[in-house]
Amino acid sequence: MVFSLPPHATIEQRSNNWGGNHRFTPQAVVQPETEAEVVEAVRWAIGRRLPVRTMGAGHSFSPLIPTGGVLVKLGAMSGLTGVDAGSGRVRAHAGTPLSQLFEELWAQGLSLPVQGDHDAQSIAGALATGTHGSGTDSQIMSEAITGLRLVDGRGEIVEIGEDDVDRLRAARVSLGALGVILEVELQTVPAFHLRDRRELVDLAPSSADLAALGESARHVQVHWFPADASPALLQLDVEEGASAAGKALVRRLDVAQEGEEDAAPAYQVFTGRSTKPFHEMELAFPADRADEAFSRLTSLNVEDFPEHQYPLELRWVAGDDTPLSIAQGGPRVAIALTAKTSSDYWPLLTAADAIGEELGARPHWGKLHLLDRARAEELYPQLGVFDEVRAELDPHGLFLNDHLRALLG
């Protein structure tokens with residue numbers, strides 16, 4: 001039997017994510033170079049009743065990507081596709097790596113208002129999972145989306161703009177469940193510089209005032225160390241000979257003028273995450289529960305799981321109205337627990353998740369989590385809005401895998 005494939009496809013190509021905790025074999029892997037080829041691949045899958053998932057850089061630790069159907073890799077579709085200097089609106093192919101996007105924006109005199117600390121993801125993947133930076137006035141990156149184009153569950157190209165409010169809000173954090181994103185439109189700001197100030201401070205979790213700490217600079221990022229060996233695990237520098245256990249490295253980023261001492265392009269300063277593979281859970285707590293959460297999570301780590309010595313990372317996120325955003329409805333403080341890829345980390349993460357469930361935390365969609373449909377309905381009061389949009393754009397669940405079917409199907 002001749003097994004036909006859409007253009008730029010291979011059969012049974014084993015795939016894995018960046019962290020290496022998910023390995024799977026799709027029936028077909030498609031690497032399109034044009035929108036027409038994406039459409040053809042989706043229609044090919046529809047005709048064979050195969051599910052479709054999209055992969056950017058594969059940076060998610062959660063099982064968002066694995067599929068036994070058709071895997072669409074958008075790496076060949078990258079770069080800016082349009083720039084409106086007057087409005088600051090730009091369009092970019094969905095597969096554009098963040099590192100490339102940031103440099104191309106800078107060449108145009110533009111920046112995104114906030115970034116995460118890793119720039120290897122594709123722009124569509126980062127936005128679809130609710131990637132965020134840190135700052136009490138900084139929303140998730142997806143809030144910059146003003147429009148996008150995607151191939152829906154019928155194999156049709158759909159353009160979503162600002163006049164289509166519910167669809168746009170749902171599409172900002174979509175988990176890839178609305179279709180294959182082709183292009184995004186973003187609202188940028190004039191290019192700016194940042195100054196990075198780092199300080200090793202005593203930070204007693206039982207008495208920490210996270211609200212004040214978060215407001216101490218435009219962007220604040222904290223790494224709290226459970227042990228002296230902690231900084232080296234994330235390639236973080238502290239003063240030689242200084243004891244790190246129980247202390248925190250606080251990064252304060254403020255706007256600076258070009259040419260000022262220690263000033264650098266914002267996109268370069270934002271980026272600073274370890275390049276070594278790791279696994280991670282991140283829980284975003286309501287701002288008014290964050291102090292308690294920080295105290296309980298650090299005690300859990302030190303007292304019950306002292307063998308886990310990676311730093312705990314704290315970041316601040318401003319509220320928004322995106323249905324599946326971690327900050328929908330109000331500000332959050334996100335606390336991340338990182339672990340070695342080879343370690344037995346689930347006992348720690350399960351215990352941390354129990355604290356998160358008690359205190360109303362929402363997990364980062366792209367990181368390890370234990371969320372199910374029942375908890376999602378409790379945590380996301382606008383989940384029904386997302387469900388309605390998904391039913392319109394993907395009525396037969398073409399873009400669901402096992403993981404998403406349990407959450408959304």
Side-chain angles (χ1 to χ4, degrees), residues 19 21 61 117 134 198-214 216 220-252 272-274 276-317 326 332-364 367-371:
N21 59 317
F61 306 120
D117 54 9
S134 184
R198 303 189 181 204
E199 181 183 12
L200 185 66
V201 303
D202 292 314
L203 186 62
S206 60
S207 59
D209 183 350
L210 298 186
L213 182 57
S216 63
V220 179
Q221 181 184 35
V222 174
H223 287 95
W224 186 86
F225 304 131
D228 283 335
S230 300
L233 293 173
L234 280 182
Q235 301 167 281
L236 297 170
D237 294 326
V238 299
E239 183 179 346
E240 186 174 355
S243 175
K247 297 183 179 181
L249 182 66
V250 180
R251 294 184 69 203
R252 295 183 176 90
R273 190 60 186 235
S274 167
K276 294 182 178 179
F278 54 86
H279 294 163
E280 190 169 78
M281 170 182 281
E282 184 175 60
L283 301 169
F285 295 86
D288 60 359
R289 309 297 298 274
D291 288 352
E292 179 184 357
F294 181 45
S295 178
R296 292 177 62 178
L297 287 174
T298 52
S299 294
L300 174 73
N301 190 167
V302 173
E303 296 173 10
D304 297 341
F305 299 95
E307 68 276 15
H308 292 280
Q309 299 184 349
Y310 267 89
L312 275 71
E313 181 185 20
L314 286 77
R315 293 186 289 171
W316 287 255
V317 187
I326 58 168
R332 297 261 163 169
V333 178
I335 303 178
L337 294 91
T338 305
K340 289 184 178 180
T341 58
S342 59
S343 65
D344 180 18
Y345 50 71
W346 276 115
L348 167 63
L349 298 189
T350 300
D353 177 75
I355 294 173
E357 183 174 12
E358 181 183 341
L359 299 181
R362 291 174 180 154
H364 190 301
K367 300 183 181 182
L368 299 171
H369 68 79
L370 298 173
L371 201 63

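Count residues from 1 along the sequence.
- In this structure, the side chain of H308 does not engage the main chain of A339 through any donor-acceptor pair within 3.5 Å.
- When all heavy atoms are compared, the tightest approach of N301 to P226 is OD1-CG, 4.0 Å.
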| said: Using side chain to side chain donor-acceptor pair (under 3.5 Å), reason through S230 and Q309 one step at a time and then give a plain yes or no. | reply: CA-CA 5 Å; S230 300; Q309 299 184 349; 5.5 Å; no
| Can you check side chain to side chain contact (heavy atoms under 4.5 Å, CB included) on M281 and K367, steps first, answer last? | CA-CA 5 Å; M281 170 182 281; K367 300 183 181 182; 5.6 Å; no
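- Note that CG of D288 is 12.0 Å distant from CG of L210, once rounded to the nearest 0.5 Å.
- The closest donor-acceptor contact from the side chain of S295 to the backbone of E292 lies at 3.5 Å or more, if one exists at all.
- Here the closest heavy-atom approach between residue A352 and residue L283 is recorded as O-CD1, 3.6 Å.
- Counting only distance, with no hydrogens or angles, the side chain of D228 and the backbone of A244 share a donor-acceptor pair below 3.5 Å.
- Within the 4.5 Å cutoff, the side chain of R198 has heavy atoms near those of the L249 side chain.
- Of all heavy-atom pairs between G246 and W224, the closest is O-NE1, 3.5 Å.
- From H223, atom NE2 reaches atom CG of L236 across 5.0 Å, with rounding to the nearest 0.5 Å.
- When side chains are defined from C-beta on, P286 counts as touching R332, because their heavy atoms get closer than 4.5 Å.
- Proximity of R296 to L359: side-chain heavy atoms (C-beta onward) are separated by under 4.5 Å at one or more points.
- Residues F61 and F278 place their aromatic rings such that the two centres sit under 6.0 Å apart.
- T338 places no side-chain N or O within donor-acceptor distance of the main-chain N or O of E280, the cut-off being under 3.5 Å.
- Side chains of K340 and Y345 form no contact here, defined as non-hydrogen atoms less than 4.5 Å apart.
- W316 approaches S134 most closely through the heavy-atom pair N-OG, 2.9 Å.
- Residue D237 holds its CG atom at 11.5 Å from CG of L200, rounded to the nearest 0.5 Å.
- Distance check: E282 CD to R315 CZ gives 4.5 Å after rounding to the nearest 0.5 Å.
- Residue N21 holds its CG atom at 9.0 Å from OG1 of T341, rounded to the nearest 0.5 Å.
- The side-chain contact (heavy atoms from CB on, under 4.5 Å) with V222 is formed by just one residue from the set I335, V333, V250; it is V250.
- Between Q221 and E313 the shortest side-chain heavy-atom distance falls below 4.5 Å.
- Once rounded to the nearest 0.5 Å, the distance linking CG of L312 with CG of L337 reads 4.5 Å.
- If you run side-chain contact (heavy atoms from CB on, under 4.5 Å) between F225 and each of V238, L233, T298, only V238 comes through.
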